[in-house]
Amino acid sequence: MGTSDPHHVPNLVDGKWDTKSSSHIMSIPNPLHKNSKPIFTLTDTKVNELDAFVKSMERVPKSGVHNPLKNVERYLHLGDVTRRAGEELLKPEVAEFFTKSIQKCVPKSHAQAMGEVTVTAAFLLNFSSDNVRFLARGFTNPGDHAGQSTTGYRWPYGPVSIITPFNFPLEIPVLQLMGALFMGNKPVLKPAEKCAVVMEQFLRLLHEVGLEKADVDFLNGEGVVMAELLKRAPIRLTQFTGSSRVGEILSEQTRGKVKVEDAGFDWKIIGPDVDEVDYVAWQCDQDTYASVGQKCSAQSILFMHENYQEAGLLDKIKHLAEARKLEDLTVGPVLTHTTEDILGHCEALLKIPGSYTVCGGKELTGHDIPEIYGAVEPTAVFVPLEEMMKEENFDLCTREIFAPFQVITSYNDSSLPLVIEACERMSHHLTAAVVSNDIKFQHHVLSNTVNGTTYVGRRARTTGAPQNHWFGPAGDTRGAGIGTREAIRLVWSCHREIVTDEIVPEGWVQPKAT
């Protein structure tokens with residue numbers, strides 16, 4: 001990638017990599033060096049070039065490619081494919097290839113990029129072999145009389161689509177893609193253009209370890225192209241990971257046939273029981289600024305008890321933020337906001353009475369990042385709680401900036417109800433953290449909040465890889481999870497019940513009509 005003859009990412013449709021049906025090409029700029037060659041090119045599909053994708057989806061029955069009563073051998077086949085793919089990702093040279101590919105598209109530290117590969121490999125091994133068919137486990141209930149029983153099945157939707165974001169170009173699409181396949185669906189995958197090469201390469205890996213090329217379609221292009229496909233093709237479910245704005249548009253366009261893991265303005269509440277201040281500060285730094293703040297679970301706002309403020313937490317956060325540098329990609333380009341946009345938001349916050357900059361608030365120095373992206377120092381702005389809660393300020397203070405940026409405020413015992421009120425007023429509820437070992441404090445906060453993945457305890461964080469727990473929003477009927485058995489079953493299958501009634505009793509006499 002990034003050579004004079006950059007790699008081209010084609011579409012995959014109906015079992016064939018298609019390099020000829022479109023003459024439109026999109027070039028993806030190098031996010032670190034604005035004057036460099038594109039890191040890769042991709043097919044820039046247009047709305048009048050979707051016929052093959054529409055026909056591919058039309059051929060998928062509502063009963064899916066497989067289900068508990070049809071083509072059941074595919075459960076075992078996919079378990080074998082998944083095992084082999086997981087084993088490939090464990091090979092050092094393969095893991096490093098995908099790590100470097102991620103870094104090239106979405107500059108983040110080597111540890112963060114490698115962590116994405118590691119979690120993906122663990123997921124694949126977790127759901128290999130018989131664990132695929134175990135996902136489709138149903139249940140039976142006895143009936144009302146001899147010969148009658150009911151059986152509940154997990155049933156596929158058939159033709160489905162997956163729209164994935166740029167920030168985790170391997171982990172998110174792989175986990176959702178495999179879940180869709182496991183449950184019997186045929187997905188069309190639309191990756192973010194900035195990182196499409198990562199999933200193109202992973203699909204080729206899947207083909208090498210036994211996945212049929214016709215099992216997944218792969219569509220490149222801008223969002224308007226995917227929107228047109230959703231209008232024309234009989235897609236019965238769309239799973240979307242990305243911004244809340246696009247999530248709302250898709251909800252209307254699909255008439256609710258969508259599962260959303262959208263943006264989260266994620267809060268952390270630090271309780272009154274001060275301990276391990278250095279650790280708490282380090283976790284705040286990781287939650288807010290790792291991966292350049294471009295995580296849907298990144299710490300967006302910090303409610304800090306005044307006891308921690310007196311213990312010097314803000315100084316420690318500032319010190320850690322200032323240690324991040326472009327050279328090791330612990331800070332880097334922001335791919336969804338410009339520098340002007342981020343610093344403009346910072347300036348707007350600083351106009352609120354009592355607000356001040358804790359750290360950052362400046363453009364990075366010595367960088368060559370393209371102007372279409374953002375380049376800012378890790379930033380935190382302190383806003384007094386009472387000012388933040390005012391009607392004219394609240395939306396500004398809780399605007400999500402997908403960047404190394406956070407709002408910090410402080411509270412005391414008497415103002416804790418304001419903190420709970422702030423959590424209630426926020427519109428999206430993905431992750432959260434309650435940093436306290438005080439049992440009563442934990443219970444009070446947890447019983448009055450709703451975030452789908454909430455960490456609690458001294459080591460609580462807002463960010464975490466979805467390897468050993470559910471990851472997804474709560475409080476929203478459209479909420480999609482990722483990474484666990486429950487998430488896969490919830491998102492990628494529906495419930496079907498078949499009632500068996502076979503034995504007519506001896507001596508049956510026709511009753512009067514009712």
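Side chains are part of it too, since the values below use all heavy atoms of this structure and drop only hydrogens, waters and symmetry mates. Residues take their numbers from the sequence shown, with the count starting at 1.
Heavy atoms of other residues, nucleotides or ligands lying less than 6.0 angstrom from NE2 of His24 number more than 12. Annotation for Glu340: atom CD does not count as buried by contact number, only 12 or fewer foreign heavy atoms lying within 6.0 Å.
Between Lys46 and Glu49 there is no salt bridge, since no side-chain N of the basic residue sits under 4.0 Å from a carboxylate O of the acidic one. Salt-bridge check for Lys390 with Glu387: passed, with a basic side-chain N closer than 4.0 Å to an acidic carboxylate O. Of the charged side-chain nitrogens involved, none lies within less than 4.0 Å of a carboxylate oxygen, so that Glu276 and Arg459 do not count as a salt-bridged pair. Arg324 and Glu327 are not joined by a salt bridge, as no carboxylate oxygen comes within less than 4.0 angstrom of a charged side-chain nitrogen. Between Glu391 and Arg425 there is a salt bridge, since at least one side-chain N of the basic residue sits less than 4.0 Å from a carboxylate O of the acidic one. Using a 4.0 Å cut-off between charged nitrogen and carboxylate oxygen, Arg478 and Glu248 count as a salt-bridge pair. Between Arg83 and Glu87 a salt bridge is recorded (basic side-chain N to carboxylate O distance below 4.0 Å). Salt-bridge check for Lys318 with Glu322: passed, with a basic side-chain N closer than 4.0 Å to an acidic carboxylate O. Between Glu347 and Lys351 there is no salt bridge, since none of the side-chain N atoms of the basic residue sits less than 4.0 Å from a carboxylate O of the acidic one.
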What do the steps show when you test Glu200 against His7 for side chain to side chain donor-acceptor pair (under 3.5 Å), and what is the final call? CA-CA 11 Å; Glu200 179 238 359; His7 175 74; 2.9 Å; yes
ring-ring contact (aromatic ring centres under 6.0 Å, His included) evaluation trace for His367 with Tyr373: CA-CA 12 Å; His367 72 83; Tyr373 299 140; over 10 Å; no
I would like to know whether Phe40 and His8 meet ring-ring contact (aromatic ring centres under 6.0 Å, His included); could you show each step before the answer? CA-CA 6 Å; Phe40 65 91; His8 179 72; 9.2 Å; no
What's the verdict on salt bridge (charged side-chain N to carboxylate O under 4.0 Å, His left out) for Arg232 and Asp51, showing C-alpha distance, side-chain angles and the deciding distance? CA-CA 9 Å; Arg232 294 178 54 192; Asp51 286 353; 2.5 Å; yes
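You'll find the ring centres of Phe402 and His337 outside the 6.0 Å limit.
Tested against Thr431 for a side chain to side chain donor-acceptor pair (under 3.5 Å), the candidates Thr462, Asp266, Thr463, Thr454 yield a single pass: Asp266. Test Thr164, Asn220, Asp217 against Leu189 for side chain to side chain contact (heavy atoms under 4.5 Å, CB included) and you get one pass: Thr164. Just one of Gln406, Lys268, Arg461, Lys295 meets the side chain to side chain donor-acceptor pair (under 3.5 Å) condition when paired with Asp287; it is Lys268.
No side-chain donor-acceptor contact under 3.5 Å links Glu400 to the backbone of Ser244. A donor-acceptor contact shorter than 3.5 Å is absent between the side chain of Thr45 and the backbone of Gly221. Judged by distance alone, with hydrogens and angles left aside, the side-chain atoms of Ser56 form no donor-acceptor pair with the main-chain N or O of Phe53 at under 3.5 Å.
The side-chain heavy atoms of Leu206 and Val81, taken from C-beta on, include a pair separated by under 4.5 Å. Taking the side chain as every heavy atom from C-beta outward, Asp285 and Ile317 never approach each other to under 4.5 Å. In this structure the side chain of Pro384 reaches within 4.5 angstrom of the side chain of Ser355, judged on heavy atoms. A heavy-atom distance below 4.5 Å is not found between the side chains of Gln103 and Gln112. With a 4.5 Å cut-off on side-chain heavy atoms, Val381 and Ile408 do not count as touching. Ser297 is not listed as a side-chain neighbour of Thr453, based on a closest heavy-atom distance of 4.5 Å or more.
Between Tyr411 and His305, the angle of the ring planes goes over 60°, which puts this pair in the perpendicular group of the 30/60° scheme. Ring geometry, Phe218 versus Trp17: the interplanar angle exceeds 60°, so the pair is classed perpendicular (tilted spans 30 to 60°).
In terms of heavy atoms, Pro165 sits closest to Ala192 at C-CB, 3.7 Å.
With Phe265 as the aromatic partner, Arg399 does not meet the cation-pi criteria of under 6.0 angstrom to the ring centre and within 45 degrees of the ring axis.
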